[in-house]
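Numbers restart at 1 for each chain; the letters A, B, ... are given by sequence-line order, proteins then strands.
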Amino acid sequence: MAETKVVLPGDIIDTSLDSDEEESSVLRLGPGVAQIDEQVSAVAAGVLHSDNEKKQWWVVSNKRRYVPAEGEPVVGVVVARHGEGYRVDIGSAQGALLPLLAFEGATKRNKPNLAVGTVVYARVAVANSVMDPEIECYNSHTGKSEGYGELAGGFMFKCSLGLARRLIDSKAPVLNALGSGIPFEVAVGLNGRVWINTEAPATTVLIANAIKNSEFLDAKQCRQMVKELLEKQ
Amino acid sequence: MPRPDRRENDQIRALHSILGLLNRVDGSAQFSAGSTSVYCGVYGPVDVKVYDEKLDRAVIEVKFRPAAGVSGTKDRWVESAVRGTFEREILAQMHPRTLIQINIQAREDDGSADAAAINATTMALVDAGVPLRDMVAAASCAVLADGAAVVDPTLEEAAAAQSVHTFAFAGSDIGRAGSGGASGSTSPVYVDSRGDFSVADYDRCYDLCLRSAQRVLAFMRTAIEGKIAKESQISVV
Amino acid sequence: MSSESVIVTPGRRLGLTQEYESGPGTYVRNGMIYSSILGTKKIEQALAETSDDSIKRPMLFVERQNTKFAIPVIGSEILGRVVRINPRAASVAIMMVDSAPCQEDFQGIVRVQDIRATEKDLVQMINSFRPGDIIRAEVISLGDQRSYFLATTKNEHGVVFAQSEAGNSMIPISWEEMQDPKTQTIEKRKCAKPVT
Amino acid sequence: MSANIFDRRRVNGPPRSVEPLYTDEGDVKPFTNGGRADGRSLDQLRPIFIKTGPLAVQPTFSPTAPSGSAYYEQGKIRISCAVYGPRQGRKSNPRMGSFDCDFQYAPFSCSWKRRPHIKGADEKEIALILEQAMAPAIRLEAYPKACIDAFVTVIESDGKFATISAAINCISAALADAGIELYDIVAACSMSLNASQWVSDCNQAEEDVSQCSLFVSRMPSADEITYLLQQGKTMPDQTDRAVQTCSNSCARVYAVLSRYLQASMEQPAS
Amino acid sequence: MASLILSPAEQDFIIRGVEKGFRGDGRGSLDRREVTLRTGMISQANGSARCRIGSLGVGTDILVGVKAEVNTWAAGEPEECGTIVCNVECSPSAAQEFEGRGADEINVELTQLLDRIVGGEQSGLDLRKLCIIPRQAYWVLHIDALVLDVKGGVADALVWATRAALLATKLPRVVVESVTDDSGVARAEFDVVDDAEDQMGLEGARDLPLAATFNQIGRRYVVDASEQEEAVTQAKLTVAVSPKMEICAIQKGGMLKGFAPSLLSEITQTALRIAKEEFARFDALFAEASKHNGELDEEPSTGSTFLEPF
Amino acid sequence: MVVEIEPSNIEREFLLEALEKGIRVDGRGIYDYRTLKITCSPTYGLVEVQLGQTRVLARVTCEVTRPFPDRPTEGLVQFNADLSNLAAPGLDSSSGKPSVQEVAVSRMIERVIRQSRAIDTEALCILAGEKVWSVRLDLHFLDHSGNLIDAASIASIAALRHFRRPDVTIDGEEAIIHDVNERNPVPLSIHHTPICVTFGFFGSNGDLMLVDPNLLEEQVQVSSFTITLNSHREICALSKAGGVPLAPSLIQRCTQIALTKVDDINDKIQEALMA
Amino acid sequence: MDMDDTSEQQQVAFAMHTFERIHHTEFQRRFLSQNTRHDGRAFSQFRATHVTKGTVSTAQGSSTVRIGNTTVVCGIKAEVSEPDVKTPNEGYLVTNVELSPMCSARFRPGAPSDEAQVASEHIHRLFGKAVDLATLCIESGQAVWSLSADIVCLKYDGNILDTAILALVAALEDLRLPEAQLDSATGVVSADRTIARQLTLRKRLFPATFALVDTYLVADADDAEEQLATTSVLVVLDDSGRLANIWKRGACPVSNETIHQCIESAVERAETISKTL
């Protein structure tokens with residue numbers, strides 16, 4: 001599938017397809033790729049991914065600042081309460097709106113009451129360029145919480161968006177390695193915030209540091225690092 | 001007449017850079033040419049004051065702090081130079097109603113600091129993942145009293161020079177120019193030539209700076225690719 | 001219609017209220033009509049056939065030469081650009097009042113409940129206005145400290161000019177929708193009945 | 001040596017600077033046996049020159065240009081005024097509009113030391129005086145919630161009281177040019193008391209040696225005095241006389257103003 | 001600066017009242033409210049006074065201190081006389097809108113007004129007497145006024161308080177002698193006698209003016225308007241009159257209207273007419289205040305001692 | 001407008017819960033200082049200090065000026081500590097008034113260096129009443145991850161000691177200032193080297209104490225306390241800006257700990273200067 | 001209702017002044033696309049330029065310059081101060097540009113806008129070389145002239161740099177420095193205006209600014225055009241025809257040919273101004 005190539009902003013991307021079908025068919029340009037005066041070129045530095053069948057191109061790059069995208073899970077902090085909902089900081093440019101009714105089983109009469117400073121796990125419901133983003137703590141179709149909602153106890157820390165993206169996929173080496181050693185709860189927000197909870201603060205600190213350290217490590221190194229940490233304990 | 005630091009006239013000082021060295025900003029870089037050194041940290045896209053919000057694009061703000069002394073009009077001047085240079089290269093329309101803030105701190109100014117500021121900004125913007133149409137590389141050049149043109153002048157050289165010239169070019173443009181540096185086909189993003197000079201002097205410095213910019217760009221490229229490679233070990237397991 | 005034409009300056013005595021109606025560009029102080037602007041004194045004879053004799057008196061007014069810069073008042077129709085929207089309201093930069101230009105933009109807002117006359121609770125801001133749209137609206141109150149309150153409930157009020165995501169100016173195809181003639185894409189808007 | 005304040009938003013000069021001691025300043029007597037040094041008669045005003053709309057943008061409309069403007073000369077006094085609005089105001093009053101005035105001397109506009117950029121108390125007070133002198137003439141009730149701003153810059157001053165009155169005349173012209181609804185045109189004139197003689201429209205040298213200066217601003221149509229300021233000692237009857245003479249001078253200024261404004265209409269500003 | 005907002009009905013009531021010659025507190029149109037004067041409560045100052053117009057809590061209350069300093073002459077400054085520097089500040093506690101920068105405008109207005117009245121020769125003070133050695137040293141009088149409460153008629157209270165403070169001001173005696181330095185050049189030198197007993201008052205302080213402010217309300221005008229009356233004032237005129245019945249300064253105030261010339265001269269006439277009893281009243285109060293003057297000095301100048309006489 | 005947001009409740013609660021058990025969120029021990037890295041650049045008086053992720057750049061420069069008339073034989077020492085948005089969101093003060101932190105930090109450093117007379121200003125005099133050296137210390141805060149004050153004081157002292165000014169010879173009324181190339185420049189004469197050590201206090205009555213608080217700890221702490229000691233183990237300044245009251249016994253314990261820390265730090269500075 | 005007529009038609013239905021007000025930038029673009037400018041100038045044409053010297057008698061040197069509607073007054077006050085220790089024989093030339101809210105609604109009251117600061121700074125740098133500061137020395141190490149040149153903009157309609165630079169050149173040429181000497185005893189500098197000397201400029205500077213609006217290169221853009229222009233090129237020549245400054249700012253790259261083109265028309269412009277000066 002995807003062959004990897006590092007691109008920098010301004011690099012022209014060759015979108016000519018190996019398969020000799022009509023060029024007119026519309027190209028799908030993912031993040032980090034854009035059409036700039038008649039040419040497709042990279043607009044971010046990272047690894048170029050492409051899928052010729054789907055005619056897709058995108059660049060995987062690491063960032064610190066979150067830009068909301070619909071459906072993505074995020075960890076946010078309640079910063080204010082308005083009449084119609086909560087204002088939640090999810091690390092994006094504008095604070096996100098969390099409607100009072102966007103919780104499992106919430107009704108006009110019985111709404112959840114979150115204090116300022118509360119941490120919530122939510123998914124981005126609305127993200128467009130003209131209005132502030134909106135998030136919800138339930139699946140609006142099923143009405144079920146599906147794990148979203150207030151995060152009580154535990155500890156939250158920030159990491160790069162790239163790391164968050166890797167953590168969220170179940171094969172994330174560092175989490176696997178840790179999981180095999182210690183039991184712990186984790187909630188990863190694609191906005192570069194990770195929440196973890198264990199029975200002992202010491203373990204929580206250990207896991208937090210392990211995850212932070214894994215930023216530049218590959219699978220093998222991760223396992224090694226975790227092993228050492230656990231031995232230290 | 002040899003240069004104080006025994007460089008060739010068309011030789012730039014040793015380049016050095018660190019990417020992502022600051023952890024509170026969204027992207028950062030330190031860029032040094034010899035002892036001239038500049039930090040740049042970028043936030044963005046972040047929330048913008050309603051007052052200067054633009055509905056179709058991100059606002060670009062540049063803050064420059066001098067190496068020593070209180071900031072003044074000369075720093076506003078640098079800020080406007082940098083802002084102008086990146087206004088088109090940053091694809092601001094991709095993040096409307098937001099702010100992209102570029103914070104530059106001069107560490108040491110031993111000549112050609114404007115160019116260093118621009119180069120540091122390019123690297124910080126890339127590090128922050130701010131969408132860029134293209135990279136920008138800058139270089140400067142001075143015509144000395146004896147008429148010799150020297151690139152990347154030190155403070156001492158610049159002070160004694162007849163004229164000092166700073167140019168910035170977009171990466172693709174530099175590529176197009178080829179190693180020959182055929183000035184005709186290129187279009188600088190930023191030009192500041194001051195002093196007492198002739199059109200010939202100008203053209204001479206133009207070509208010298210274009211070539212220096214090529215070296216700078218190549219340097220930045222390797223630096224950035226290095227960092228990505230380091231990160232993406234895992235992203236391609 | 002205009003009998004004489006004299007150039008007058010503010011404060012110039014023009015006539016008596018017994019003889020004339022005081023028109024635009026004039027004011028009345030104890031029975032006397034004065035000019036309030038620099039301009040040309042005009043007298044407009046009242047239409048003869050009006051039965052009511054109270055308004056028989058001809059109108060004295062002063063015609064200004066330079067353009068008058070308008071300010072919004074309750075009931076006036078404005079043209080403005082949507083600058084910002086949120087689920088509750090859209091902020092509008094008022095540029096024209098009753099087809100006279102404002103010297104600088106005035107701030108107005110259209111609250112979501114003032115967008116349409118019917119099914120107010122179903123109206124969604126995002127489906128009515130987008131930043132950059134030019135809308136025609138009516139001033140319904142002088143509003144709060146900063147903004148005038150506007151409404152687009154009338155048919156002829158709403159979006160009169162809008163660009164699609166692609167950046168082409170769109171054509172209204174119904175009360176709720178506009179279409180990009182080039183890409184054929186359809187976007188939702190509170191359209192104004194075109195005035196011709 | 002008076003210190004110059006460092007201003008990080010401006011190009012700064014040396015920390016301290018003074019005017020040199022000018023040796024050529026022989027004691028110039030502004031009044032010599034009853035006569036005036038510049039040969040004017042006691043109640044004679046300096047020649048007045050007005051031009052409205054010098055700041056108008058031709059040929060097309062610009063949202064950043066003033067809605068009205070005027071340039072005014074009286075002897076050496078040179079003043080420029082721009083009127084903005086009606087426009088959105090900071091303090092909005094639903095019943096009536098507000099009128100704000102900003103007054104500044106150009107740094108080089110005074111015969112003595114260069115003025116610092118930062119506004120002085122005198123400039124702030126004069127701005128206040130101008131507001132109070134002009135506001136009675138503006139039909140503010142016609143501009144609910146809106147704000148009208150007048151900006152006055154003195155390019156060259158020659159006598160404080162004379163300059164203030166000149167500023168008032170200049171604003172009047174600018175307001176009329178802006179088409180702002182007015183009750184009347186305000187005309188102002190100053191005079192100073194020297195050796196128990198009232199002297200009209202004194203220049204700096206004359207004011208300096210006078211024991212008392214005052215100025216009057218007046219709306220002729222309603223015969224209203226919109227402002228009166230006296231500084232220095234007089235006998236009561238002297239003040240009355242001064243106000244009388246000033247009012248007459250105001251009438252003369254008024255005539256000049258309205259004559260000019262009418263003319264400006266007949267042949268639109270070129 | 002009109003802080004308080006009145007309903008149309010209230011405004012109408014006050015205006016009609018004034019036009020019929022009735023005032024809310026039963027005063028005649030030319031009557032001043034009760035005035036309380038106190039002097040010498042600031043021990044560090046060369047002279048100080050506090051004046052309240054109106055009764056405690058509902059009156060305008062101003063504290064004025066006069067501090068004298070010796071300045072060395074610099075080029076460009078007047079060569080043979082001293083100077084007076086005025087500064088008026090409204091305490092944020094005086095009115096709600098004074099908080100933050102809210103008082104800036106009125107501070108400027110009052111400072112300039114005070115400077116206009118007592119800042120120069122017109123004050124009657126003999127500035128030449130404040131010169132110690134020509135082109136070398138002179139006295140600077142810093143007049144600092146603090147407005148503690150604003151309930152109408154600030155300008156008048158300000159001038160009253162200032163006059164009292166300046167009358168109470170004592171300057172230490174200065175001895176000037178001529179010394180010849182080793183190079184044989186004669187120079188004048190001075191030194192300030194530091195002796196509380198050996199002090200002198202200000203030359204010409206008796207000639208200092210008092211001010212009366214006339215507020216035009218409806219078709220009439222009143223002296224010393226109350227807070228409510230100021231809220232409906234269309235225009236006002238402050239007239240400063242010296243004991244010699246000279247007019248020292250006139251300043252118009254108010255945004256809404258102007259004056260008819262006839263009314264103007266009428267007001268100045270009235271100002272002179274009432275000036276006589278104003279001075280009489282002032283002298284009485286001042287004499288009274290001076291009696292207590294001594295006692296206060298022992299007491300610490302705390303807020304309570306401020307209020308004690310009130 | 002980039003702005004800093006308050007730490008979330010669970011961060012606060014966890015930090016305290018862990019601290020009760022003697023654990024710190026970054027895995028440090030209670031009395032551990034973060035790793036201190038001091039880098040002197042080839043340029044005189046330019047020193048960068050890294051305290052964990054906190055980063056401060058100190059720059060000393062000097063120029064010849066006129067002395068103040070009332071102090072004809074004393075040189076000038078100027079300070080400028082500016083926090084830019086580089087260090088943390090919303091710190092920039094270039095427009096408007098300086099932030100609270102900025103004032104706090106620059107005041108502290110000024111007190112530590114100037115008030116404690118660390119620099120011999122008399123030695124900066126060239127020609128009495130005519131010419132003196134004006135020494136300027138610029139502090140640039142590059143990265144704010146807690147405890148700026150300690151980092152700043154270390155950077156300042158290191159930079160002042162690292163700095164060299166041009167040599168001067170007086171001949172009669174004339175002062176000759178020798179170019180750095182023709183004559184070796186000379187160091188400043190420094191009386192002593194004050195160093196700050198900061199403690200953070202937690203819990204309702206501040207009985208939980210730790211050294212060198214990081215950002216989160218700073219945001220959560222109920223009180224902080226800074227001790228300034230020099231290499232002669234003398235106390236140059238104590239500063240407890242607000243917060244809950246502390247028991248004197250605590251202060252004494254802090255002093256003991258500080259003494260050991262200061263020794264380490266001075267060694268580190270020494271090393272860096274030697275290198 | 002019939003929804004046939006397009007918004008295009010509606011747009012046309014707008015009265016001309018409505019269109020101008022609502023789509024101000026569009027309105028301007030229309031002109032350029034038809035190879036003309038809204039004030040009828042050719043692309044390469046500068047606006048009428050008037051220079052008057054000695055307009056302010058309270059300043060030692062002054063001038064008023066109008067380029068089209070843009071009007072500035074420059075006044076130079078000459079004061080005395082101590083020289084900097086590093087340069088005991090050099091005086092000061094301090095240049096500031098004032099863009100007050102009076103000259104355009106674009107500028108707010110209070111501290112100078114960034115635009116004003118940049119203009120002030122650029123001009124300050126430019127003239128540092130144009131004036132021989134040594135000629136401002138009264139007594140070496142003791143007293144020098146400090147010239148504060150304040151350039152006050154009365155009307156802002158674009159191209160402030162050209163206007164300000166011209167005004168400063170004119171004011172400097174108008175400047176008369178009185179004969180001054182220092183009384184070393186009192187430290188007071190006395191001056192005699194009856195014996196005044198003119199300041200000799202190293203070089204007279206002739207500016208020419210060009211703006212890139214979309215793809216059109218226009219000379220001397222006015223306010224409306226500047227709003228569209230993202231890019232400008234300033235070329236400053238001296239009277240010997242040599243260059244003093246080339247300053248290309250703003251977003252769009254400008255081809256080297258274009259810059260040479262600017263230099264050429266700047267040369268022409270210089271000739272015409274040198275006549276008016």
- prompt: Which bit of Val130(A) is near chain B, if near means a heavy-atom gap under 4.5 Å: side chain, backbone, both or neither?
  reply: backbone
statement: Nearest heavy-atom approach of Val7(A) to Ile228(B) is O-CD1, 4.4 Å
task: Enter the distance from Asp47(B):CG to Asp132(A):CG here, rounded to the nearest 0.5 Å.
output: 7.5 Å
query: Taking every heavy-atom pair that is under 4.5 Å apart, which of Val67(A), Val59(A), Asp169(A) has the most such pairs with chain B?
result: Val67(A)
- request: Find out whether Leu132(B) and Val43(A) are in side-chain contact, i.e. whether some heavy atom of one side chain is under 4.5 Å from a heavy atom of the other.
  value: no
message: Tell me whether Glu8(B) at atom CD has more than 12 heavy atoms from other residues, nucleotides or ligands lying less than 6.0 Å away.
response: no
statement: Okay, Asp11(A) and chain B: the region with an atom under 4.5 Å from a heavy atom over there is side chain
message: Please classify the contact between Ser129(A) and chain B as side chain, backbone, both or neither, with a heavy-atom cut-off of under 4.5 Å.
response: both
- prompt: Are any of the side-chain heavy atoms of Lys63(A) and Asp26(B) separated by less than 4.5 Å?
  reply: no
message: Rounded at 0.5 Å granularity, tell me how far CZ in Arg65(A) sits from CD1 in Ile100(B).
response: 11.0 Å
query: For the residue pair Ala93(A) and Val46(B), what are the closest heavy atoms and their distance?
result: CB-C, 3.5 Å
task: Drop me the distance from Ile36(A)'s CD1 to Arg133(B)'s CZ, to the nearest 0.5 angstrom.
output: 5.5 Å
field: Option in Ser41(A), Gly10(A), Ser92(A) with maximal non-hydrogen atom pairs under 4.5 Å from chain B
entry: Gly10(A)
- prompt: Looking at Val6(A), Asn62(A), Leu8(A), which makes the most heavy-atom pairs under 4.5 Å with chain B?
  reply: Leu8(A)
- line: Among residues 73-87 of chain A, those lying within the under-4.5 Å heavy-atom range of chain B are none
message: At a heavy-atom distance under 4.5 Å, which candidate from Gly171(B), Pro96(B), Pro45(B) has the highest pair count against chain A?
response: Pro45(B)
query: Can you tell me how far CE of Met131(A) sits from CZ of Arg97(B), rounded to the nearest 0.5 angstrom?
result: 9.0 Å
- prompt: If you measure from the Lys or Arg side-chain nitrogens to the Asp or Glu carboxylate oxygens, is any gap between Asp218(A) and Lys230(B) under 4.0 Å?
  reply: no
field: Nearest atoms (heavy-atom pairs only) where Leu22(B) meets Arg64(A)
entry: O-NH2, 3.6 Å
Proximal component of Asn128(A), with respect to chain B [non-hydrogen, under 4.5 Å]: neither
- line: Residue pairs meeting salt bridge (Lys or Arg N to Asp or Glu O under 4.0 Å), one or both in residues 11-22 of chain B, sequence neighbours left out, come to Arg13(B)-Asp110(B), Arg13(B)-Asp152(B)
message: Using heavy-atom distances under 4.5 Å, tell me whether Ile224(B) contacts chain A through its side chain, its backbone, both, or neither.
response: side chain
